[in-house]
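The structure appears right after this line, and notes come after that.
Throughout, protein chains are lettered first and strands after them, A, B, ... in sequence-line order, and every chain is numbered starting at 1.
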Protein chains: 2
Amino acid sequence: MNKSELKVISVLERVGGFASAQQLHQLLLRSGESIGLTSVYRALQSLVDDKIVDQLRKDDGEAIYRLCGEAHHHHLVCKSCGSTVEIEGSALEKWAKAMAEEHEYREVGHLAEVFGICPSC
Amino acid sequence: MNKSELKVISVLERVGGFASAQQLHQLLLRSGESIGLTSVYRALQSLVDDKIVDQLRKDDGEAIYRLCGEAHHHHLVCKSCGSTVEIEGSALEKWAKAMAEEHEYREVGHLAEVFGICPSC
DNA sequence: GCAGAAATGAAAATGATTTTCATTTCTGTG
DNA sequence: CACAGAAATGAAAATCATTTTCATTTCTGC
Ligand SMILES: [Zn+2]
Ligand SMILES: [Zn+2]
Ligand SMILES: [Zn+2]
Ligand SMILES: [Zn+2]
């Protein structure tokens with residue numbers, strides 16, 4: 001666990017959810033840390049390998065990361081203003097688990113997001 | 001539906017599963033078609049917009065495409081080999097609808113994908 | 001202190017995808 | 001057919017996240 005990895009973990013803790021490598025780098029710089037983008041990528045890759053960080057892909061192909069420890073949850077996102085609400089996901093969790101078991105998949109994870117227009121928009 | 005889109009659909013039919021834009025372009029060239037890579041990307045994007053083609057991302061971020069017979073559905077994706085299975089989504093649909101109603105969101109849609117390691121990997 | 005190993009980051013390279021733009025093909029109208 | 005405007009095409013350039021290279025700095029054990 002080197003300096004870069006510690007810095008990346010601390011910013012991921014601060015973020016408390018998913019963020020891209022570029023976002024994390026910007027956040028580190030803004031908070032006064034001195035670190036190169038290369039080191040952010042290297043640290044993230046190493047943390048993913050060690051299963052300390054989860055990596056997945058947005059629809060546009062960019063990788064996003066979060067601490068594995070983060071409480072897992074889902075969002076209701078407004079397509080118009082971008083505001084988000086955290087939503088209750090037990091039914092979804094059950095569904096994802098059932099689907100994975102039915103097809104005998106291991107090391108299962110999932111991604112789910114609900115989009116719409118919020119009442120105030 | 002222009003020439004490029006027809007060519008791309010025909011090669012997707014031939015492939016019968018997922019393939020990347022670059023692979024599809026190569027296949028088209030090898031089978032004697034004359035088409036530019038740009039047109040393959042354009043056709044795929046348009047077919048995805050029209051929901052004629054499914055797009056998803058490999059772990060390395062590359063987009064892969066396939067003909068999408070059915071209307072709306074979800075996938076179980078292998079993180080290792082990229083193979084996918086279509087899964088039954090009624091529980092998920094119900095959940096998404098309930099969450100949206102609870103928060104009074106309109107024009108609701110959702111994204112959901114389950115990923116893991118398939119039995120043969 | 002000192003040699004070798006590990007870490008760092010700037011700059012260059014990579015590779016998929018998108019954009020630009022000049023050219024070609026299509027389509028409708030007279 | 002002719003001919004103008006619209007749509008389609010694709011080569012080349014641009015974009016952009018990510019990876020690689022490589023020279024420099026920092027760390028570690030002796
Ligand atoms: Zn809103
Ligand atoms: Zn979940
Ligand atoms: Zn597999
Ligand atoms: Zn659904």
Examine distances only and state if a side-chain atom of [X] and a backbone atom of [Y] form a donor-acceptor pair shorter than 3.5 Å.
{"X": "B/W95", "Y": "A/S90", "result": "no"}
{"X": "A/H25", "Y": "A/S39", "result": "no"}
{"X": "A/R106", "Y": "B/C121", "result": "yes"}

By salt bridge (Lys or Arg N to Asp or Glu O under 4.0 Å), which residues pair with A/D60, not counting sequence neighbours?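 Here the qualifying residues are A/K58.
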[X] side chain near [Y] side chain, heavy-atom distance below 4.5 Å:
{"X": "B/R42", "Y": "B/S4", "answer": "no"}
{"X": "A/L56", "Y": "B/F115", "answer": "yes"}
{"X": "B/L67", "Y": "B/V53", "answer": "yes"}

Look at the aromatic rings of B/H110 and B/H74 and report parallel, tilted or perpendicular, splitting at 30° and 60°.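 B/H110 vs B/H74 ring planes: parallel.
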Could you list the residues that satisfy ring-ring contact (aromatic ring centres under 6.0 Å, His included) with A/H103, not counting sequence neighbours?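 ring-ring contact (aromatic ring centres under 6.0 Å, His included) check on A/H103 returns nothing, list empty.
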Side-chain donor/acceptor pairs under 3.5 Å, residues 9-17 of chain A, sequence neighbours excluded:
| residue | atom | partner | partner atom | Å |
| --- | --- | --- | --- | --- |
| A/S10 | OG | A/K7 | O | 3.3 |
| A/R14 | NH2 | A/S31 | OG | 3.4 |

For DNA chain C, what residues of residues 2-24 of chain A have any heavy atom nearer than 4.0 Å?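 A/N2, A/K3, A/S4, in order of number.
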Any residue in residues 36-67 of chain A with a heavy atom nearer than 4.0 angstrom to DNA chain C? Just list them by number, or reply none.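 Those residues whose heavy atoms fall under 4.0 Å from DNA chain C, taken from residues 36-67 of chain A in numerical order, are A/G36, A/T38, A/S39, A/R42.
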Contact boundaries of DNA chain C with chain A (under 4.0 Å, heavy atoms), 5' to 3'?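 So the contact region on DNA chain C extends C/dA7 to C/dA11.
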Which nucleotide, if any, forms a Watson-Crick or G-U wobble pair with C/dT8, using both distances under 3.5 Å?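 Across any shown strand, C/dT8 pairs with D/dA23.
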